[in-house]
Amino acid sequence: MPGKVLVVDDSALMRRLLSAVLTQAGWTVAAARNGREGVEQLLEWQPDVVTLDINMPEMDGLTALSLMMQARPTPIVMVSSLTEKGAQATMEALALGAVDFIAKPGGTISLSIDDIQALLLEKVRTASRIRLRPGRPAAAMPAPVQRAPRPALARPAPASPRTTTSAPASASPAPLRGGMGRCPGLVLIGISTGGPRTLEDVLPQLPSDFPWPVLVAQHMPPNFTLAFAQRMDRMCALEVVEVGEPMPLEPGRIHIGRGGTDLVVVERLGRLVAQPRPESPGHPWHPSADVMVESAMRVLPASQLVGVLMTGMGFDGAQAMAELKARGGRTIAEAESSCVVFGMPSELIQRGGASVVLPSQDVARQLRTWVQRLG
């Protein structure tokens, strides 16, 4: 049953359009013109969900978010611009406790609101049902990690059609061996709603000498994954990069799939390479965890893969990771106790595809144990 939504935006047009979409779907809506009014109405009206703009006069969205989470923790969906600055502010908002975000429509807003209507309603519905996790005040954010300078990213040589063609998923590939092309194994993480904050429990806990490359399929639209990767890079001992072009998979690096694409693993001239590819029309969420895991199983034996399925609605990653476990691989499902949305991990557990079920804060320790054992 729809409840109450507080729309906080300094644009009268945006307030009117968002309110109309939500009201037509059965939600009761109130509106505020800036962050100060938003905080006041939050306390007086006690909504079930808040949509919150970032750039506003009198009090900006990040300040309002921080005050809201201290005064009356409420599921908050940020409404963000597609600019680089807007993406960086959105990542900060997610760390402060916002549960999700939606990008403002481009062009003429009144003509483009239909482009985000379904997504807005989906995110508000999901937000109304989620388990809140405490945000981190700015003073509590992890300090930037000091690392020695790294060499420039190596670029794989252009591949012929034959070297990039993947074997069928049912094949049992042999391990890659020899020289710089040797890849001992891969960690594959699929995650959605609540992911940026949850990954702060995992990725910074991996040491700089972690021997396996890590790939992350975080459901996120274009223009936001680069800011996410940059933020995580400042927190992690491992280098964190967005996969915007083909790059070799090497130890010491975490690869974030670019929004608006799928992240896949291919073999090129005896080396494993991570690369983006156009979104698969057969998968509803992107970057797709199922697509990522399926591609990895084409080029490495399951025994050299570890899958991790974490918070998020839907079932992305459950089928592929269940298959990975069936072939002899290892998998982790995030426990309901730490999930923002216990959807994707629940699907994996129900399919019998979870080797272990752990809260997010224990995932990195399990990865270190397994990887050390497997070499």
Side-chain angles (χ1 to χ4, degrees), residues 80-84 86-87 90-91 94 100-107 112 114-123 126 159 161 164-169 186 188-196 199 214-229 232 240-247 249 254-268 272-299 307-321 323-324 341 343-344 347-348:
S80 176
S81 70
L82 289 170
T83 64
E84 179 180 351
T90 300
M91 294 305 109
L94 294 173
D100 209 339
F101 70 94
I102 188 168
K104 284 186 175 180
S112 304
D114 288 346
D115 295 342
I116 67 166
Q117 178 172 332
L119 187 59
L120 170 67
L121 293 174
E122 176 185 311
K123 288 181 180 289
T126 300
T164 58
T165 300
S166 298
L186 299 175
L188 309 164
I189 301 175
I191 194 164
S192 186
T193 307
L199 286 171
V214 178
L215 291 88
V216 179
Q218 160 71 64
H219 298 166
M220 196 172 281
N223 303 97
F224 288 89
T225 43
L226 178 58
F228 172 52
M232 293 306 306
V240 184
V241 298
E242 180 197 55
V243 181
E245 61 182 0
M247 57 181 62
L249 286 167
I254 298 167
H255 307 77
I256 307 292
R258 171 175 281 185
T261 72
D262 283 329
L263 174 61
V264 297
V265 182
V266 298
E267 182 183 349
R268 288 188 173 186
L272 291 187
V273 173
Q275 69 179 36
R277 79 174 191 192
E279 294 180 352
S280 166
H283 297 81
W285 299 283
H286 305 279
S288 168
D290 273 325
V291 169
M292 176 181 68
V293 175
E294 289 166 0
S295 71
M297 288 193 292
R298 294 188 183 103
V299 294
V308 184
L309 203 55
M310 307 192 75
T311 178
M313 61 184 177
F315 50 84
D316 184 34
Q319 178 177 339
M321 290 199 191
E323 177 64 21
L324 172 61
V341 180
M344 290 156 50
E347 289 285 340
L348 180 60

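We number each residue from 1, following the sequence as shown.
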*Asks:* Apply side-chain contact (heavy atoms from CB on, under 4.5 Å) to the pair Met91 and Met220, showing each step before the final yes or no.
*Replies:* CA-CA 11 Å; Met91 294 305 109; Met220 196 172 281; 4.1 Å; yes

*Asks:* Any idea which heavy atoms bring Thr126 and Met313 closest together, and the distance?
*Replies:* OG1-SD, 3.1 Å

*Asks:* Output all residues satisfying side chain to side chain donor-acceptor pair (under 3.5 Å) with Thr311, sequence neighbours left out; order by chain, then residue number.
*Replies:* none

*Asks:* Taking atom CE of Met310 and atom CG of Leu199, what is their separation to the nearest 0.5 Å?
*Replies:* 6.5 Å

*Asks:* Kindly give the heavy-atom pair with the smallest separation between Ala229 and Val240, and that separation in Å.
*Replies:* O-CG1, 3.6 Å

*Asks:* Between Gly307 and Leu324, which heavy-atom pair has the shortest distance, and what is it?
*Replies:* N-CD2, 3.8 Å

*Asks:* Listed by chain and number, what are the side-chain contact (heavy atoms from CB on, under 4.5 Å) partners of Thr261, not counting sequence neighbours?
*Replies:* Arg258, Pro276

*Asks:* Who passes side chain to side chain donor-acceptor pair (under 3.5 Å) against Ser81, sequence neighbours left out?
*Replies:* Thr83

*Asks:* Looking at every heavy atom in both Gly260 and Pro222, which two are closest together, and how far apart are they?
*Replies:* CA-CG, 3.7 Å

*Asks:* Quick check: does any side chain N or O of Gln218 sit under 3.5 Å from a backbone N or O of Ser192, one acting as donor and the other as acceptor?
*Replies:* yes

*Asks:* Going by side-chain contact (heavy atoms from CB on, under 4.5 Å), Val264 matches just one of Arg298, Glu294, Gln275. Which one?
*Replies:* Gln275

*Asks:* In Å and rounded to the nearest 0.5 Å, what is the CD1 to CE distance from Ile189 to Met292?
*Replies:* 8.0 Å

*Asks:* Just how far is it from atom CG of Leu249 to atom CG of Leu186, taken to the nearest 0.5 Å?
*Replies:* 5.5 Å

*Asks:* To the nearest 0.5 Å, tell me how far Lys123 NZ sits from Ile102 CD1.
*Replies:* 6.5 Å

*Asks:* Salt bridge (Lys or Arg N to Asp or Glu O under 4.0 Å) with Glu323: which residues, sequence neighbours excluded?
*Replies:* Arg327

*Asks:* Should we say atom CD of Gln319 is surrounded by more than 12 heavy atoms from elsewhere, each under 6.0 Å from it?
*Replies:* no

*Asks:* Mind checking the CG-OG spacing from Leu272 to Ser295? Nearest 0.5 Å is all I need.
*Replies:* 10.0 Å

*Asks:* Determine the minimum heavy-atom distance between Pro196 and Leu94, stating which atoms define it.
*Replies:* CG-CD1, 3.5 Å

*Asks:* Where is the tightest heavy-atom contact between Pro287 and Ala217, given as atom of each residue plus distance?
*Replies:* O-CB, 3.6 Å

*Asks:* To the nearest 0.5 angstrom, please state how far the CG atom of Leu348 sits from the CE atom of Met344.
*Replies:* 9.5 Å

*Asks:* Among all residues two or more places apart in sequence or in another chain, which pass the side-chain contact (heavy atoms from CB on, under 4.5 Å) test with Ser288?
*Replies:* Asp262, His283, His286, Asp290, Val291, Asp316

*Asks:* For Phe224, give me all partners under ring-ring contact (aromatic ring centres under 6.0 Å, His included), at least two apart in sequence or on another chain.
*Replies:* Phe101

